[in-house]
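I have placed the structure first, in the form of structure tokens, so that the comments after it can refer back to it.
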Amino acid sequence: MRPLYNPAGLDDDLRVALVELQAGRWKAAQNLLRDTGAQWALRTSRTQMLAVAAARSDVVDVWLAEEPESYDALVMHARVSAERALRAHRRQHAAGAAGFDDKARQAALRAARWSSRDPVPWICLLALAQTDGRQQRPEHREWSAEPMLPSGPWGLLHQIHQRDPCNREAYHRVLQFLLSRDVPRSASLAAVFDFGRWVASWSPYDSPLLLLPAYAQIEQARQQRAAGRADPLWRRTWTDEPTFTYTLKAFHGWFRTADPALRSLTDLHHLAFALWVSHQFLEAAEVFEAMGPYAAREPWLSVSGEPTGPDGGEALFLRSQRESMSFARTHADRTHADRTHADHTYAHPTHAYPTQANRPPPAHP
């Protein structure tokens with residue numbers, strides 16, 4: 001059976017809303033966000049996906065015009081505006097990018113003033129830091145008390161963390177900011193590794209942030225291939241420390257304990273690759289089973305031997321899935337005690353946030 005590519009993954013309600021938005025109808029999105037309520041992790045991921053689907057049309061603008069007192073419409077307007085600003089920046093539309101950026105920032109600030117509890121408007125502001133590679137805005141060049149981290153939007157991150165501790169998208173936005181800075185690529189990559197390992201060192205045991213070191217590792221492969229100097233031994237690094245321990249900690253800590261409804265499809269695919277490439281086939285099979293029929297382009301596109309090939313990394317995805325599932329069928333005699341011991345070893349709870357000494361500074365919007 002061919003894999004299915006749908007950003008909603010196992011979220012059936014989101015899938016319906018995405019189809020409706022793409023058809024120019026916003027009622028399903030309205031109902032979805034109303035039902036999501038203050039489930040901040042779910043609200044964050046759903047508004048992000050909805051914004052990506054709606055950014056090419058005026059459907060959210062129409063929604064806000066028809067319901068100007070709707071907070072959900074206001075938040076989606078901020079989301080869509082931020083997504084458009086990021087797209088203009090990526091396409092290097094210098095003439096219009098500043099206008100998109102200003103509009104998105106105003107929309108996000110308006111939503112933030114409306115609701116003091118929702119992290120999503122602050123995530124929009126944090127996302128816009130990616131358009132400021134030279135860190136010209138003061139909120140994008142604050143210093144963290146963590147000495148190994150460069151200046152950045154730490155105040156914005158702190159605002160989000162106060163509202164939704166360990167918000168997945170917020171920390172991934174920081175990764176993207178670190179890569180967007182106007183510094184040598186080697187410095188960007190070093191900052192990504194430092195940040196990912198720092199966050200994983202204190203993240204709660206059920207947090208998807210435990211996967212940040214894996215994202216950093218895959219970014220290394222992406223940059224190597226972009227520079228035309230792929231390392232033939234790169235895959236072997238996944239069995240080295242500390243990468244191997246980070247991978248197992250993410251599996252036993254996050255995957256085994258997190259609410260399945262909150263698990264990102266992209267995270268599942270990154271974890272599946274990390275387990276497969278480090279020869280943890282039984283664990284990889286569990287993750288492949290959890291993602292069902294839904295595939296993702298990344299990380300397979302970036303780590304494939306032929307990333308520009310016609311299958312977009314799909315061949316590597318299917319190979320790793322096939323090998324892992326086959327191994328699991330023939331080695332299904334691992335005892336429950338073995339798995340329980342591993343869960344206890346790698347998923348021990350840690351403090352939920354770094355101490356005041358290394359906490360990012362407050363925001364200065």
Open item on the list: Could you tell me if Arg297 sits above the aromatic ring of Tyr5, with its cationic atom closer than 6.0 Å to the ring centre and no more than 45 degrees from the axis?
Closed with: yes
Open item on the list: Quick one, Ile160 with Glu169, criterion side chain to side chain contact (heavy atoms under 4.5 Å, CB included). Give me CA distance, side-chain angles, the key distance, then yes/no.
Closed with: CA-CA 10 Å; Ile160 298 165; Glu169 185 185 344; over 6 Å; no
Open item on the list: As an exercise, state the distance from CZ of Arg235 to NE2 of His279, rounded to the nearest 0.5 Å.
Closed with: 9.5 Å
Open item on the list: Do Pro7 and Leu265 have side chains that approach each other closer than 4.5 Å (heavy atoms only, starting at C-beta)?
Closed with: no
Open item on the list: Is it the case that the side chain of Thr131 and the backbone of Leu128 share a donor-acceptor pair, with hydrogens and angles ignored and the cut-off at 3.5 Å?
Closed with: yes
- [ ] Taking atom types as modelled, find out whether Gln135 and Ser151 have a side-chain donor-acceptor pair closer than 3.5 angstrom.
- [x] yes
Task: Aromatic plane relationship, Trp154 with Phe195 - under 30° parallel, 30 to 60° tilted, over 60° perpendicular - done: tilted
- [ ] Before giving the answer on side chain to side chain contact (heavy atoms under 4.5 Å, CB included), spell out for Arg87 and Phe100 the whole-Å C-alpha distance, their side-chain angles and the decisive distance to 0.1 Å.
- [x] CA-CA 9 Å; Arg87 292 185 183 186; Phe100 280 110; over 6 Å; no
Open item on the list: Applying salt bridge (Lys or Arg N to Asp or Glu O under 4.0 Å) as the test, list every pair that has at least one member in residues 178-199; sequence neighbours left out.
Closed with: Arg134-Asp182
Task: CZ-CD distance between Arg117 and Gln162, expressed to the nearest 0.5 angstrom - done: 14.5 Å
Task: Polar side-chain atom of Gln39 near backbone of Thr36 as donor-acceptor pair, under 3.5 Å - done: yes
Task: Candidate pair Arg329 and Glu323, rule salt bridge (charged side-chain N to carboxylate O under 4.0 Å, His left out), full reasoning - done: CA-CA 10 Å; Arg329 284 192 294 270; Glu323 290 178 357; over 6 Å; no
Open item on the list: Less than 4.5 Å apart, side chain to side chain, heavy atoms only: is that true for Glu289 and Met325?
Closed with: yes
Open item on the list: Is there a side chain to side chain contact (heavy atoms under 4.5 Å, CB included) between Asp11 and Met49? Walk through the geometry before answering.
Closed with: CA-CA 11 Å; Asp11 190 339; Met49 295 290 185; over 6 Å; no
Task: Side-chain donor-acceptor pair present, Thr237, Gln217, cut-off under 3.5 Å - done: yes
Task: Main-chain N/O of Trp198 paired with Trp202 side-chain donor or acceptor, under 3.5 Å - done: yes
Task: Main-chain N/O of Ser144 paired to Glu146 side chain as donor or acceptor, under 3.5 Å - done: no
Open item on the list: Side chains of Leu125 and Glu139, heavy atoms from C-beta outward: is any pair under 4.5 Å?
Closed with: no
Open item on the list: Treating Ser278 as the side-chain partner and Leu275 as the backbone partner, does any N or O pair qualify as donor plus acceptor under 3.5 Å?
Closed with: yes
Task: N/O donor-acceptor pair under 3.5 Å between Glu142 side chain and Gly155 backbone - done: yes
Open item on the list: Does the plane of the ring in Trp63 sit parallel, tilted or perpendicular to the ring in Trp26? Use 30° and 60° as the thresholds.
Closed with: parallel
TODO: Decide whether Asp267 and Tyr215 meet the rule of one side-chain donor and one side-chain acceptor closer than 3.5 Å.
DONE: yes
Task: side chain to side chain donor-acceptor pair (under 3.5 Å) partners of residues 48-60, not counting sequence neighbours, each pair once - done: none
Task: Check ion pair Asp132-Arg105 (N to O, under 4.0 angstrom) - done: no
Open item on the list: Nearest 0.5 Å, please: how far is NE2 in His77 from OG in Ser70?
Closed with: 12.5 Å
- [ ] Among Ile218, Val303, Thr247, find the one that has a side chain to side chain contact (heavy atoms under 4.5 Å, CB included) with His270.
- [x] Ile218
Open item on the list: Quick check: do Trp254 and Asp206 have side-chain heavy atoms less than 4.5 Å from each other?
Closed with: no
Open item on the list: Let me confirm one number: the OH-CZ distance from Tyr171 to Arg168, rounded to the nearest 0.5 Å.
Closed with: 13.5 Å
Open item on the list: Are Leu74 and Leu109 linked, directly or through intermediate hydrophobic residues, by side-chain heavy-atom contacts shorter than 4.5 Å (ILVMFWY only)?
Closed with: no
- [ ] Could you check whether the rings of Trp276 and Phe273 sit parallel, tilted or perpendicular, using 30° and 60° as the cut-offs?
- [x] tilted
Open item on the list: Please check this pair: side chain of Thr330 against backbone of Ser326, looking for a donor-acceptor N/O pair closer than 3.5 Å.
Closed with: yes
Task: Sidechain-backbone polar pair: Ser207 side chain, Pro204 backbone, donor-acceptor under 3.5 Å - done: no
TODO: Kindly compute the distance separating NE2 (His161) from CH2 (Trp122), expressed to the nearest 0.5 Å.
DONE: 15.5 Å
Task: Trp40-Leu42 co-clustered via ILVMFWY side chain contacts under 4.5 Å - done: no
Open item on the list: Measuring only between side-chain heavy atoms, which start at C-beta, is Leu32 closer than 4.5 Å to Leu50?
Closed with: yes
- [ ] Test Asp118 against every option in Arg163, Arg43, Arg79 by the salt bridge (Lys or Arg N to Asp or Glu O under 4.0 Å) rule and name the one that passes.
- [x] Arg43
Task: Ile123 CD1 to Asp164 CG distance, which is reported to the nearest 0.5 Å - done: 7.0 Å
TODO: Could you tell me whether the side chain of Asn6 reaches within less than 4.5 Å of the side chain of Arg15, counting heavy atoms only?
DONE: yes
Task: Cluster overlap Tyr71 with Leu33, hydrophobic side-chain contacts below 4.5 Å - done: no
TODO: Give the cluster check for Met291 versus Leu262: same hydrophobic cluster or not, with ILVMFWY residues linked at side-chain heavy-atom distances below 4.5 Å.
DONE: no
Task: Donor-acceptor under 3.5 Å (Ser320 side chain, Phe317 main chain) - done: yes
Open item on the list: Please evaluate residues Val16 and Asp12 with respect to the criterion side chain to side chain contact (heavy atoms under 4.5 Å, CB included), reporting the C-alpha separation (whole Å), side-chain torsions for both, the decisive distance (0.1 Å), and the verdict.
Closed with: CA-CA 6 Å; Val16 172; Asp12 295 333; 5.8 Å; no
Open item on the list: Membership question, hydrophobic clusters at under 4.5 Å side-chain separation (ILVMFWY): are Val192 and Leu271 in the same one?
Closed with: yes
Task: Ser302 and Arg222: side chain donor to acceptor below 3.5 Å - done: yes
- [ ] Using modelled atom types only, decide if a donor and an acceptor are shared between the side chain of Thr47 and the backbone of Thr44 within a distance under 3.5 Å.
- [x] yes
- [ ] Give the ring-plane orientation class for Phe177 versus His140, where under 30° counts as parallel, over 60° as perpendicular and anything between as tilted.
- [x] tilted
Open item on the list: Side chains of Ser188 and Leu178, heavy atoms from C-beta outward: is any pair under 4.5 Å?
Closed with: no
TODO: Using a 4.5 Å cut-off on heavy atoms from C-beta on, say whether the side chain of Phe255 contacts that of Arg263.
DONE: yes
